[in-house]
Enquirer: 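Would you mind keeping the following structure in view while I ask a few things?
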Amino acid sequence: MTLDAKPLVHVIGLGSMGAILAVDLLRFADCSVVPMFRSKKRLEQFQKDSQSTVGIRKLYLKNSPLIQKKFTLSACPESFTPCAIKNLVVTTKTYQTKESLVPYLPFIDQNTNLILIQNGLGVVEVLKEEVFTDVSKRPQLFQGVISHGCFQDQGFVFNHAGAADLKVSRLPWDEGDMVQTLDDANEDMKNNELIKLFTSKPFAQEFNVKFMTYQELLLGQLYKFLVNACMNSVTAILDCVNGEMVGHCSRVFELIVDESLQVLRLAYKPLFDYEENYSGKDTYPQLKVNSVLNTMDMVKNIENIGCVINGKNSSSMRQDTLYLRDTEIEYINGYIVSLGQRFQVDTKVNKTIQEFVNLRLHLNRRRASMK
Ligand SMILES: NC(=O)C1=CN([C@@H]2O[C@H](COP(=O)(O)OP(=O)(O)OC[C@H]3O[C@@H](n4cnc5c(N)ncnc54)[C@H](OP(=O)(O)O)[C@@H]3O)[C@@H](O)[C@H]2O)C=CC1
Ligand SMILES: CC(C)(CO)C(=O)C(=O)O
């Protein structure tokens, strides 16, 4: 059911990322937004305790203004009014994706635009192998790589700590379609309802959205992936604030990045061969890949981004272990391990990191249970 003629955007995952996106879509894009909660209990908490209102405190703005938006419609699996879902944003944690989609599968088909706005890699494999197994009914799939920073305050009030950007591209279901032309991207910006919303003004300016080809997004996604593979896991294991490691973490990062790149070069070969195959071809964007995704430069950049620029931050994975929440390690260092098995590459470094993160979470949960 739509509220009016405006496009309808369903959001599964009204957490930090879902909340800042949903509120700014309501503020700056011509659409209606429907948050979808995991249960009747969570839906009632939203509708009753929070009066269906989300608050975003923009910490990076003068006086940290609190912006509030009321959502006329919201749902959970039990209350969802059966209707075809046209535009679906998934902003759950990676490991929550499959479970969050299952109740709505009857309402998702090849006409649905589905965007994943998450860190890490490997969710598309879960969607292919376990969720959308009927190729003819697979939704139009997009990926968002978001660099905004946000953490929950209490209830449905969130602190938007850092404003950066949201990179978006069509996400190929088939690995063979990794390289897209500039015309492919323009086609979606002209004709796809969800992408038209995401690139509409003023929303695109306010949320700093950039739509691009998949190869352009993937370069940024792998860069961010390597940052997270080092910073998130190591700070969780050590239980330290990002900046405490500055000047002393490059050796560990070198081990993680070197092994990860060995695997990523095989799994994403078209990207690493891109300059050789597509430079000078004006129907394709020109990319610098190997001069960016190399161990020594990445280690320096990761230490700067993680330990200096974000030096005062507690990484999201360390926060997950401190709050005894599951982590996304399986979709970060753990994803390198699964790729290593597929490409017969030894990934002992990332496997050890993954197991230490799991051990850290166990230790924190054990200590909490003994208080
Ligand atoms: N926070 C940040 O600054 C950044 C986060 N990211 C990435 O964005 C993604 C989302 O992270 P973030 O927003 O922080 O995560 P949060 O944990 O804040 O939000 C996840 C939300 O998904 C909801 N959810 C979980 N399962 C279901 C379900 N079955 N049905 C409906 N809703 C469900 C949770 O609801 P409930 O409250 O009921 O559990 C929660 O509100 C992650 O991949 C993260 O790594 C990327 C850049 C920055
Ligand atoms: C860059 C970094 C490591 C900042 O803490 C981050 O992305 C996170 O915490 O998830």
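The structure displayed is predicted, hence computed values, not measured ones. Atoms within each ligand, like the ligands themselves, are counted from 1 in listed order. Side chains included, hydrogens not; waters and symmetry mates left out as well; all remaining heavy atoms used. Counting from 1, the numbers follow the sequence of the chain as shown.
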Enquirer: Should Asp239 and Arg318 count as an ion pair when the cut-off is N to O under 4.0 Å?
Expert: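 Looking at Asp239 and Arg318, the cut-off is met.
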Enquirer: Under 3.5 Å, is there a donor-acceptor pair between the side chain of Glu328 and the main chain of Thr94?
Expert: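 Pair found, side chain donor or acceptor close to backbone of Thr94.
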Enquirer: Identify the two heavy atoms, one from Ala236 and one from Thr321, that lie closest to each other, and give their separation to 0.1 Å.
Expert: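 Looking at all heavy atoms of both residues, the shortest contact is CB-CG2, 4.1 Å.
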Enquirer: Would you mind checking which non-hydrogen protein atom is closest to atom 47 (C) of ligand 1, with the distance to 0.1 Å?
Expert: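 For this ligand atom, the closest protein heavy atom is Ile146 O, 3.4 Å.
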Enquirer: Give the numbers and elements of all ligand 2 atoms closer than 4.0 Å to a heavy atom of Asn228.
Expert: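 What qualifies from ligand 2 is 6 (C), 7 (O), 10 (O).
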Enquirer: Which heavy atom of the protein is the closest neighbour of atom 33 (C) of ligand 1, given with residue, atom name and distance?
Expert: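 Ranking protein heavy atoms by distance from atom 33 (C) of ligand 1, first comes Thr92 CG2, 3.9 Å.
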Enquirer: Among all protein heavy atoms, pick out the one at the shortest distance from atom 37 (O) of ligand 1; state its residue, atom name and that distance to 0.1 Å.
Expert: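 For this ligand atom, the closest protein heavy atom is Arg42 NH2, 2.9 Å.
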Enquirer: Would a distance-only check, ignoring hydrogens and angles, find a side-chain to backbone donor-acceptor pair under 3.5 Å from Glu275 to Phe272?
Expert: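 Here the side-chain-to-backbone pair does not exist.
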Enquirer: Is Ser16 close to ligand 1, meaning an N/O of one under 3.5 Å from an N/O of the other?
Expert: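 Yes, Ser16 has an N/O under 3.5 Å of an N/O on ligand 1.
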Enquirer: With heavy atoms only and a cut-off of under 4.0 Å, state how Met36 meets ligand 1: side chain, backbone, both or neither.
Expert: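 Backbone only.
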Enquirer: Identify the closest protein heavy atom to atom 3 (C) of ligand 2: which residue and atom is it, and at what distance?
Expert: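 Result for atom 3 (C) of ligand 2: Asn232 OD1, 3.4 Å.
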Enquirer: Students should be able to answer this: which protein heavy-atom is nearest to atom 15 (O) of ligand 1, and at what distance?
Expert: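 Heavy-atom neighbour on the protein nearest atom 15 (O) of ligand 1: Lys93 CE, 3.3 Å.
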Enquirer: Any idea which protein heavy atom is nearest atom 19 (O) of ligand 1, and the distance to it?
Expert: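 For atom 19 (O) of ligand 1, the nearest protein heavy atom comes out as Gly15 CA, 3.3 Å.
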Enquirer: Say whether, by atom type as modelled, one donor and one acceptor occur between the side chain of Glu206 and the main chain of Asp24 under 3.5 angstrom.
Expert: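 Side chain of Glu206 to backbone of Asp24: no pair is present.
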Enquirer: Just go through Ile332, Thr91, Thr97 and tell me whose heavy atom is the nearest to atom 20 (C) of ligand 1.
Expert: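 Among Ile332, Thr91, Thr97, the closest heavy atom to atom 20 (C) of ligand 1 comes from Thr91.
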Enquirer: Between the side chain of Lys86 and the main-chain N/O of Leu8, is any donor-acceptor distance below 3.5 Å?
Expert: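 No, because the side chain of Lys86 does not come within donor-acceptor range (under 3.5 Å) of the backbone of Leu8.
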Enquirer: Other residues, nucleotides and ligands only: do more than 12 of their heavy atoms fall within 6.0 Å of CD on Gln286?
Expert: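 Correct, the count exceeds 12.
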Enquirer: Do any N or O atoms from the side chain of Asn358 and from the backbone of Gln354 form a donor-acceptor pair under 3.5 angstrom?
Expert: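 The answer is yes, because a donor-acceptor pair under 3.5 Å joins these two groups.
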Enquirer: Do the rings of His160 and Tyr60 sit parallel, tilted or perpendicular, given the 30° and 60° boundaries?
Expert: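 Rings of His160 and Tyr60: perpendicular, over 60°.
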Enquirer: Note the single closest protein heavy atom to atom 22 (O) of ligand 1, along with its residue, its atom name and the distance in Å.
Expert: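 Going atom by atom, the protein heavy atom closest to atom 22 (O) of ligand 1 ends up being Gly13 CA, 3.3 Å.
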Enquirer: Give the ring-plane orientation class for Tyr284 versus Tyr278, where under 30° counts as parallel, over 60° as perpendicular and anything between as tilted.
Expert: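 Geometry flag for Tyr278 against Tyr284: tilted rings.
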Enquirer: Check this for me - ligand 2, Asn119, N or O atoms closer than 3.5 angstrom, yes or no?
Expert: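 No.
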Enquirer: Taking only heavy atoms of Glu328 into account, list the atoms of ligand 1 that are under 4.0 Å away from them.
Expert: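 What qualifies from ligand 1 is 42 (C), 43 (O), 44 (C), 45 (O).
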Enquirer: Is it true that Cys150 lies under 4.0 Å from ligand 1, counting heavy atoms only?
Expert: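 Yes, Cys150 has a heavy atom closer than 4.0 Å to ligand 1.
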Enquirer: Using a 6.0 Å cut-off, check whether atom NZ of Lys201 has over 12 heavy atoms from anything other than its own residue.
Expert: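 For Lys201, atom NZ is not crowded (no more than 12 foreign heavy atoms under 6.0 Å).
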Enquirer: Specify the protein heavy atom at minimum distance from atom 8 (O) of ligand 1: its residue, its atom name, and the distance to 0.1 Å.
Expert: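 Ranking protein heavy atoms by distance from atom 8 (O) of ligand 1, first comes Met17 CG, 3.4 Å.
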Enquirer: Which residue from Lys224, Arg38, Gln118 reaches closest to atom 28 (C) of ligand 1 through any of its heavy atoms?
Expert: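 Nearest heavy atom to atom 28 (C) of ligand 1 lies in Arg38.
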Enquirer: Is the closest basic N to carboxylate O distance between Arg251 and Glu254 below 4.0 Å?
Expert: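 Salt bridge present between Arg251 and Glu254.
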Enquirer: I'd like to check which ligand 1 atoms, numbered from 1 as shown, lie under 4.0 Å from a non-hydrogen atom of Ser100.
Expert: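 Going through ligand 1 atom by atom, the ones under 4.0 Å from Ser100 are 28 (C), 29 (N), 30 (N).
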Enquirer: Check whether any heavy atom of His148 sits under 4.0 Å from an atom of ligand 1.
Expert: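 Contact check His148 vs ligand 1: positive.
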Enquirer: Answer yes or no for Gln152: is there a heavy-atom contact with ligand 1 below 4.0 Å?
Expert: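 The answer is no, since Gln152 has no heavy atom less than 4.0 Å from ligand 1.
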Enquirer: Please state which protein non-hydrogen atom is closest to atom 9 (O) of ligand 2 and give its distance, to 0.1 Å?
Expert: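 Result: Ser316 N, 2.9 Å.
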Enquirer: Between Lys93 and Asp326, is there a side-chain N and carboxylate O pair less than 4.0 Å apart?
Expert: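 Asp326 and Lys93: not salt-bridged.
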Enquirer: Show the atoms of ligand 1 that are less than 4.0 angstrom away from any heavy atom in Phe37.
Expert: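 Selected atoms, number and element: 31 (C).
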Enquirer: Can you classify the ring geometry of Tyr104 versus Phe80 as parallel (below 30°), tilted (30 to 60°) or perpendicular (above 60°)?
Expert: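 If you compare the ring of Tyr104 with that of Phe80, the planes turn out perpendicular.
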Enquirer: Can you tell me which residue and heavy atom of the protein come closest to atom 4 (C) of ligand 2, and the distance to 0.1 Å?
Expert: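 For this ligand atom, the closest protein heavy atom is Asn313 ND2, 3.5 Å.
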Enquirer: Applying a 4.0 Å heavy-atom criterion (strictly less than), which segment of Gln96 is in contact with ligand 1: side chain, backbone, both, or neither?
Expert: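 Near ligand 1, Gln96 shows its side chain, while the N, CA, C and O stay back.
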Enquirer: What protein heavy atom sits nearest atom 6 (N) of ligand 1, and how far away is it?
Expert: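 Nearest neighbour among protein heavy atoms for atom 6 (N) of ligand 1, to 0.1 Å: Asn119 ND2, 3.6 Å.
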Enquirer: Using a strict cut-off of less than 4.0 Å between a Lys/Arg side-chain nitrogen and an Asp/Glu carboxylate oxygen, indicate whether Asp188 and Lys190 qualify as a salt bridge.
Expert: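 No, this pair does not count.
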Enquirer: Can you name the atoms of ligand 1, numbered from 1 with element, that are less than 4.0 Å from a heavy atom of Gly149?
Expert: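 In order of number, 3 (O).
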Enquirer: Could you list the atoms of ligand 2 found under 4.0 angstrom from a heavy atom of Met231?
Expert: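 Reading through ligand 2 atom by atom, the close ones are 3 (C).
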